[in-house]
Amino acid sequence: MQLYTAFYKMVYNSCFRILRDKEDAEDAMQESFIKAFSHLGKYEKKIPFEAWITRIAINTSIDKLREDKLEFVAYDQFLLNDFEDSQDEDEWEQTQEKVIRVKSAIEKLPNTSRIIISLYLIEGYDHEEIAQILKIQPGTVRIQYMRAKQQLVKLINQV
């Protein structure tokens with residue numbers, strides 16, 4: 001119960017970022033804890049428990065999406081765009097507005113783009129780890145990430 005209490009919000013948030021549905025995220029969270037508790041013997045202490053259970057949650061969420069036949073398609077064109085971060089405290093309100101615009105734009109991305117952006121930028125996985133999670137080639141992840149980033153920039157600029 002202590003593990004559940006300590007990590008349920010984090011696990012739910014990871015599931016929700018992938019699934020974008022409250023009920024589905026709650027189901028995935030519960031399934032993730034069931035999987036984690038039934039496989040505690042496989043847990044390696046050198047890996048933080050938080051990272052281990054988050055990985056289970058992400059895999060469970062993606063499995064739920066696969067049930068809906070989510071397709072990953074390789075893109076052959078992409079555009080690089082970078083954002084500048086403001087360090088100035090006087091621009092706090094502008095920074096908050098940017099964050100809201102970015103979050104809103106991420107929500108508007110197609111599922112595959114949103115998942116890859118979330119795994120890379122929010123969850124902190126690298127391209128190879130995302131490829132393993134999604135069971136696609138690392139090159140496809142890199143291209144789809146760049147494509148998702150391009151779409152994200154367009155959506156942000158529209159708002």
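Given the structure is predicted, the values throughout are model-derived calculations rather than measurements.
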Gap separating the CD1 atom of Ile116 from the OH atom of Tyr145, nearest 0.5 angstrom
11.0 Å
Distance-only criterion, 3.5 Å: show the donor-acceptor pairs between side-chain atoms of residues 45-62 and protein atoms not counting sequence neighbours.
from	atom 1	to	atom 2	distance (Å)
Thr54	OG1	Glu50	O	2.7
Asn59	ND2	Arg55	O	3.3
Thr60	OG1	Lys35	NZ	3.1
Thr60	OG1	Ile56	O	2.8
Ser61	OG	Ala57	O	2.9

Hydrophobic cluster membership, with links at side-chain heavy-atom distances under 4.5 Å among I/L/V/M/F/W/Y: are Met10 and Tyr125 in one?
no
Rounded to the nearest 0.5 Å, how far apart are CD1 of Ile106 and CG of Leu121?
6.5 Å
One should read off an interatomic distance between Leu65 CG and Leu19 CG, to the nearest 0.5 angstrom, of 5.0 Å
Roughly how far apart are Cys15 SG and Met29 CE, rounded to 0.5 Å?
7.5 Å
Apply the side-chain contact (heavy atoms from CB on, under 4.5 Å) test between Leu155 and each candidate in Arg101, Lys108, Gln150, Glu107; give the one that qualifies.
Lys108
Using distance alone, with no hydrogens and no angle criterion, decide if Arg147 and Gln144 have a side-chain donor and acceptor under 3.5 Å apart.
no
From Glu23 atom CD to Glu26 atom CD, the distance as rounded to the nearest 0.5 Å:
6.5 Å
Excluding sequence neighbours, so at least two apart, what forms side-chain hydrogen bond (donor to acceptor under 3.5 Å, both in side chains) with Gln137?
none
May I ask you to decide if Ile34's main-chain N or O and Ser38's side chain share a donor-acceptor pair within less than 3.5 Å?
yes
4.5 Å side-chain heavy-atom contact, Glu31 and Lys64
yes
Full working for side chain to side chain donor-acceptor pair (under 3.5 Å) between Gln30 and Tyr4:
CA-CA 10 Å; Gln30 296 301 333; Tyr4 181 85; 3.1 Å; yes
If you look at every heavy atom in Arg20 and Leu109, which pair is closest and at what distance?
NH1-O, 3.7 Å
Give the intermediate values and the outcome of ring-ring contact (aromatic ring centres under 6.0 Å, His included) for residues Tyr12 and Tyr8.
CA-CA 6 Å; Tyr12 172 81; Tyr8 81 93; 8.5 Å; no
Roughly how far, to the nearest 0.5 Å, is CG of Leu152 from CZ of Arg114?
12.5 Å
Verdict with reasoning, Leu119 to Ile18, per side-chain contact (heavy atoms from CB on, under 4.5 Å)
CA-CA 9 Å; Leu119 291 175; Ile18 301 295; 4.1 Å; yes
Is it possible for you to say whether Val11 and Leu3 belong to one hydrophobic cluster, with membership spreading through side-chain heavy-atom contacts below 4.5 Å?
yes
Test your reading of the model: is there a side-chain donor-acceptor pair from Thr5 to the backbone of Met1, 3.5 Å cut-off?
yes
Give the C-alpha distance, both sets of side-chain angles, the deciding distance and a yes or no for side-chain contact (heavy atoms from CB on, under 4.5 Å) between Ile130 and Asp126.
CA-CA 6 Å; Ile130 295 169; Asp126 64 28; over 6 Å; no
Got Phe16 and Asp24 here, is their nearest side-chain heavy-atom distance under 4.5 Å?
no
Hits for side-chain hydrogen bond (donor to acceptor under 3.5 Å, both in side chains) against Glu123, two or more places apart or cross-chain, chain-then-number order -> Ser14, Arg17
